[in-house]
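Notes follow the structure.
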Amino acid sequence: MKKLISVLSAIALMSVVAFAQPRNGFKGNNKGAEQWRERIRAEQVAFITSELDLTESEAQAFWPVYNDVQNKRRDAFKASGEAFKALAEGVDGEDVDKLLKQYLDSKKEAEKIEADAIARFKKVLPEKKVAKLVLAEEKFRHHQISKLGQGGKH
């Protein structure tokens, strides 16, 4: 019953966000891009909640940790992208070695975040649910890629 309530709550949140989308999508529109990110986030929450079958106490402990990890992942991805862009723009310059180091360091930081995330998740969830989380995140990513390949219809 608790799982059903959690899933229904997530679906309700997802529906509110989805119906608030402008018809023109998010091209050239920061508000539209933010709404799109929120819709994807709501879908992700519903998907993970369903896949992990979290109890109420697990959900209360898990989601703050997960949200913090997601913020760190986002920051690491941004840093990696910036390092890649700097490398691409400076490949003919004199500081190529420095740019390569920055890029590799950003990749190492992303790996460290993932290792730390697993350890943090193990503190709030049983190991099997942590494994299910890893699988669910990948499954969700593949689902989103599939939707993009079909023009966002799914």
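Counting only N and O atoms by type, the side chains of Arg73 and Gln70 include a donor and acceptor under 3.5 Å apart. Under 3.5 Å, the side chains of Gln144 and Glu43 contain a donor-acceptor pair of N or O atoms. For Glu137 and Tyr66, the side-chain atoms include at least one donor-acceptor pair closer than 3.5 Å.
Note that the CD atom of Gln102 and the CG atom of Asp95 stand 8.5 Å from one another [nearest 0.5 Å]. In this structure, Glu56 CD and Gln60 CD are separated by 5.0 Å, a value rounded to the nearest 0.5 Å. Taking CZ of Phe84 as the reference point, atom CD of Glu89 lies at 10.5 Å (rounded to 0.5 Å). One distance of note links NZ of Lys72 with CD of Glu109; it measures 9.0 Å at 0.5 Å rounding. The CG atom of Asp53 sits 14.0 Å away from the CD1 atom of Ile48 when rounded to the nearest 0.5 Å.
In this structure the side chain of Gln35 never reaches within 4.5 angstrom of the side chain of Glu38, judged on heavy atoms. Considering only heavy atoms from C-beta on, Asp75 stays 4.5 Å or farther from Ile113 through its side chain. Side-chain contact between Ile118 and Leu133 is absent, with no heavy atoms from C-beta onward closer than 4.5 Å. Counting heavy atoms from C-beta outward, Phe121 and Val134 have side chains that stay 4.5 Å or more apart. When side chains are defined from C-beta on, Arg74 does not count as touching Lys78, because their heavy atoms never get closer than 4.5 Å.
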### Task
Kindly indicate, with the supporting measurements, whether the criterion side chain to side chain contact (heavy atoms under 4.5 Å, CB included) is fulfilled by Val124 and Trp63.
CA-CA 10 Å; Val124 296; Trp63 286 111; over 6 Å; no

### Task
Please assess Val65 against Leu125 for the test side chain to side chain contact (heavy atoms under 4.5 Å, CB included), listing each intermediate value before the final yes or no.
CA-CA 11 Å; Val65 173; Leu125 293 176; over 6 Å; no

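With salt bridges taken as basic N to acidic carboxylate O contacts below 4.0 Å, one links Asp105 and Lys101. Between Glu51 and Lys132, no side-chain nitrogen of the basic residue sits less than 4.0 Å from a carboxylate oxygen of the acidic one, so the salt-bridge criterion is not met. A salt bridge links Glu138 with Arg141: at least one charged nitrogen is closer than 4.0 Å to a carboxylate oxygen. Salt bridge Arg37/Glu34: present, at least one basic N to carboxylate O contact under 4.0 Å. A salt bridge links Arg120 to Asp68: at least one charged side-chain nitrogen sits closer than 4.0 Å to a carboxylate oxygen.
In this structure, the side chain of Glu82 does not engage the main chain of Ala79 through any donor-acceptor pair within 3.5 Å. Not a single donor-acceptor pair under 3.5 Å links the side chain of Ser50 to the backbone N or O of Ala46. Listed for the Ser106 side chain is a donor-acceptor partner under 3.5 Å among the backbone atoms of Tyr103.
Of all the heavy atoms in Leu87 and Val96, the pair that sits closest is CD1-O, 4.4 Å. The shortest non-hydrogen separation linking Ala86 to Leu99 is O-CD1, 3.5 Å.
Ring pair Phe47/Phe140 is tilted by interplanar angle, where 30° to 60° counts as tilted.
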